[in-house]
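In what follows, a structure is listed as structure tokens, so that the remarks can point back to it.
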There are 2 protein chains.
Amino acid sequence: MVTIHDVAARAGVSPATVSRFLRGQRVRSYEAIQAAIDELGYWPSAAAQSLKSGRTNTIGVVVPDITNPYFAAVVKGMESVTRTEPYRILLANSDESSEQEDDVLADLVRRVDGIILAPATEQDETPLHVRDADVPLVFVDRDLAGGERFDAVLVDNDGGGRQAAEHLLSLGHTRVAAISGTLDTTPGRLRREGFVGTLAKAGVEVPPEYDLVGDFKEHSGYQLTLSLLSLPEPPTAIFAANNLMTLGALKALHDMRIDIPGQISLIGFDDLDTGPLLRPPLTVVDRPMFEQGVLAMRLLLRRLDPGDGGGLASRVVLDTKLIERASTAPPGGHPSPARTRKTRSR
Amino acid sequence: MVTIHDVAARAGVSPATVSRFLRGQRVRSYEAIQAAIDELGYWPSAAAQSLKSGRTNTIGVVVPDITNPYFAAVVKGMESVTRTEPYRILLANSDESSEQEDDVLADLVRRVDGIILAPATEQDETPLHVRDADVPLVFVDRDLAGGERFDAVLVDNDGGGRQAAEHLLSLGHTRVAAISGTLDTTPGRLRREGFVGTLAKAGVEVPPEYDLVGDFKEHSGYQLTLSLLSLPEPPTAIFAANNLMTLGALKALHDMRIDIPGQISLIGFDDLDTGPLLRPPLTVVDRPMFEQGVLAMRLLLRRLDPGDGGGLASRVVLDTKLIERASTAPPGGHPSPARTRKTRSR
DNA sequence: CTCCAAACTGAAATCGATGTCAGTGATGAT
DNA sequence: ATCATCACTGACATCGATTTCAGTTTGGAG
């Protein structure tokens, strides 16, 4: 490995001068130094720089599942911000598991300048360790019980649940089911509360057998939908708590040859690239994804700025938006007025 | 920050002894040391360890686009391997651009022990710099002109193109179009060659106006499909070079109210989670995704193993597999025998 | 030509952990 | 009680870059 000493020797100066040159200070013999660097192909050692400066120029990002298109988009948003900065992203999956999150965070705090986390559960204790380690922390997508002291970029999950409920109410549904994500995550809990609460206010109760809880993964969307279909009186509409569970629900409905929205309406949370191309095109509650990543990263970089001076936690809450497509319609199979379509039959 | 000296002082031993304890050597006063570590909340500095050992325990992963479900799955596969190892993943997007790849690699080589790369173009020079830096390099998905000296995990792109062609031939298509990815990437070039070559051998020529080249992004799939549709005599079947371009093609066909496969058959490369749920369910050439990530990471970790001893480059080539669904059918709109379905009309 | 301020330079200490090497202390045999 | 052996231990140098501090050089004014 070629070090700053090698460059210094070749250029006939001291390492200190080379170091100054590298950092853009004015230096008498800059030509000789530049030449030596080029000829030797010198690059400063990141480890040595970190040790001296205490900064790693690395941001840790922990998400439950990078193959979830939502998190992929969020991470891409973060990456678009770091591209023009000296920072890089250290990525880890927690797989929706607090233990894995724990392990990975313990390791991450030693390697990064800051962390962006979508915590596996609200009751998570780990982030407090992160706090101990004095590593700035920003939450994205999900919050923490007592996490108000941290920066966060969230969406109005409660409002999103409400939008879904209002949409189904406006279509005239009264037998409405919710398949929720883990209730000890903020999105899981709030989306359900917004949904069920709004229905209740309108006089529509969601009985326990319609009020099911899964884990944000496709398989649980599939299973819970099957169990809804096996009821003596299945619902006329289903609200699924995220993109993967919606997909699972859609698969289950297809497999059981249920007509959507003829027999059952389906509304999801989070849009998909393929949303408009599905059978039928999905009605969903949408939210900014890429932008959430951008905002979270900006918030973190601001904390990392030595001139920042601390300050209160910034809590950004973005709005959700209903996208009406063809998977929802009035109960009984009358097509939604939004689009005319043929009822499928087999 | 609490250092090994603090622990040593508290435990009444020398830093050297604490270091030995950390590395699992036998030590007289291990209780006192363990207690000091716990009380002080000590974690060794990753930067100092890297500087001393010359290893960062970090793997650089550079992909064109993390929001492409294929690459998301590949990265998840890699991550599943590093989980049980002390390694972490430094992730970067190249956005299908050689310049960005360049920038990011120059930075990465200083920070990581090894790199897994899906290069933006075959003519890329950058990886050679990586070689200069003595950082082990593994290719995934895409290869390099003259890259035979490097480990690689690839798929049989040529064979995949052939499978697509044979499928369309068996259905009786003769007016067949290809919308390819960038031809200076290995997959872009080979998928097209396998496809066009197989058709040619069967006596079916693909005229220039049917032989279009895009860039693996959804938008180009959309645009190229529109231009095919504007021809006086549009093709009866389209082969799209990757998942995103297939999606673009599907959108274009929907927007133009083309019946699939009634008027035009569509076959894609790479399956999607939503593949079976689309209108119509897509026929695709599928390949292992998660597994490719796993294999690439294993290959790299093997190189990193001090006991490895170099050896020749391992080049793994996986097979593709045709998944027949409902987006392909004989020309003229006869439904595929695989599934009965209603012809859409508006 | 002399002198002073400003601009630049290099030796050396430092960041935190590790590995070497020359011990020190304990153990067992005689 | 003495000595050889073995198991540990601590002082110190080291990894590569940065920063301080005490110079040295340069340029301009007088």
Side-chain angles (χ1 to χ4, degrees), chain A residues 1-37 40-58 86 106-113 132-135 306, chain B residues 1-37 40-58 86 106-113 132-135 306:
Chain A
M1 179 172 209
V2 31
T3 76
I4 201 171
H5 285 88
D6 304 327
V7 175
R10 178 160 195 133
V13 297
S14 77
T17 303
V18 177
S19 173
R20 281 188 268 258
F21 169 81
L22 287 174
R23 209 149 330 82
Q25 290 181 36
R26 210 179 321 174
V27 147
R28 218 108 65 187
S29 45
Y30 67 93
E31 290 135 319
I33 297 177
Q34 184 62 62
I37 288 175
L40 297 173
Y42 166 76
W43 284 98
S45 144
Q49 288 182 317
S50 295
L51 178 57
K52 221 15 217 174
S53 66
R55 319 194 98 219
T56 60
N57 287 335
T58 304
D107 182 39
L108 244 46
V109 289
R110 310 187 306 124
R111 305 167 167 249
V112 302
D113 294 337
D132 289 345
D134 250 341
V135 176
Chain B
M1 178 169 210
V2 30
T3 76
I4 202 170
H5 286 89
D6 303 329
V7 175
R10 179 159 195 137
V13 296
S14 77
T17 302
V18 178
S19 173
R20 283 188 268 261
F21 169 82
L22 287 175
R23 214 145 335 83
Q25 290 180 35
R26 210 181 319 173
V27 145
R28 216 110 64 189
S29 44
Y30 67 93
E31 289 135 318
I33 297 177
Q34 184 61 62
I37 288 175
L40 297 173
Y42 166 76
W43 285 99
S45 145
Q49 287 181 317
S50 296
L51 179 58
K52 230 359 216 169
S53 66
R55 320 194 96 219
T56 60
N57 286 338
T58 304
D107 183 39
L108 243 47
V109 289
R110 310 186 306 123
R111 303 166 167 252
V112 302
D113 294 338
D132 289 346
D134 252 340
V135 176

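All values below were derived from every heavy atom in this structure, side-chain atoms included, with hydrogens, water molecules and symmetry-related copies excluded.
In this structure, B:Y42 reaches the sugar-phosphate backbone alone: every heavy-atom distance under 4.0 Å involves primed, P, OP1 or OP2 atoms, never a base.
Every pair passing salt bridge (Lys or Arg N to Asp or Glu O under 4.0 Å) that includes a residue from residues 5-15 of chain A is listed here, sequence neighbours excluded: A:R10-A:E39.
Using a 4.0 Å cut-off, some side-chain N or O of A:Q49 falls inside it from OP1 or OP2 of D:dT18. The phosphate of D:dG16 has neither OP1 nor OP2 within less than 4.0 Å of any side-chain N or O from A:S45.
With rounding to whole Å, A:M1 atom CE is found 18 Å from D:dT14 atom P. As a whole-Å value, the separation of B:I4 CD1 from D:dA11 C1' is 14 Å. At whole-Å resolution of the value, CG in A:L40 and P in D:dA17 are 12 Å apart.
Considering CD1 of B:I33 and CD1 of B:I4, their distance stands at 9.0 Å, rounded to 0.5 Å. Between the OG atom of B:S45 and the NZ atom of B:K52 there is a distance of 13.5 Å, given to the nearest 0.5 Å.
Interface limits on DNA chain C: the 5'-most and 3'-most nucleotides within less than 4.0 Å of chain B heavy atoms are C:dG16 to C:dT20.
Within a heavy-atom distance below 4.0 Å of DNA chain C, the residues of residues 15-29 of chain A found are A:A16, A:T17, A:R20, A:R26, A:V27, A:R28, A:S29.
By the side-chain hydrogen bond (donor to acceptor under 3.5 Å, both in side chains) test, A:T56 is found to be paired with A:D113, residues two or more places apart in sequence or in another chain being considered.
Counting distance only, with no hydrogens placed and no angle test, the side-chain atoms of B:K52 and the base atoms of D:dT14 include a donor-acceptor pair under 3.5 Å.
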Could you go through residues 11-26 of chain A and list every donor-acceptor pair under 3.5 Å that involves a side-chain atom there, pairing it with any protein atom two or more places apart or in another chain?
from  : atom 1 : to    : atom 2 : distance (Å)
A:S14 : OG     : A:A16 : N      : 3.3
A:S14 : OG     : A:T17 : N      : 3.4
A:S14 : OG     : A:T17 : OG1    : 3.4
A:S19 : OG     : A:R23 : NH2    : 2.5
A:R23 : NH2    : A:S19 : O      : 2.9

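Overall, the helix from C:dC1-D:dG30 to C:dT30-D:dA1 carries an axis bend of 50° between its ends, with five pairs at each end and the value rounded to 10°.
Looking only at distances, no side-chain donor or acceptor of B:S29 sits under 3.5 Å from a matching main-chain atom of B:A32.
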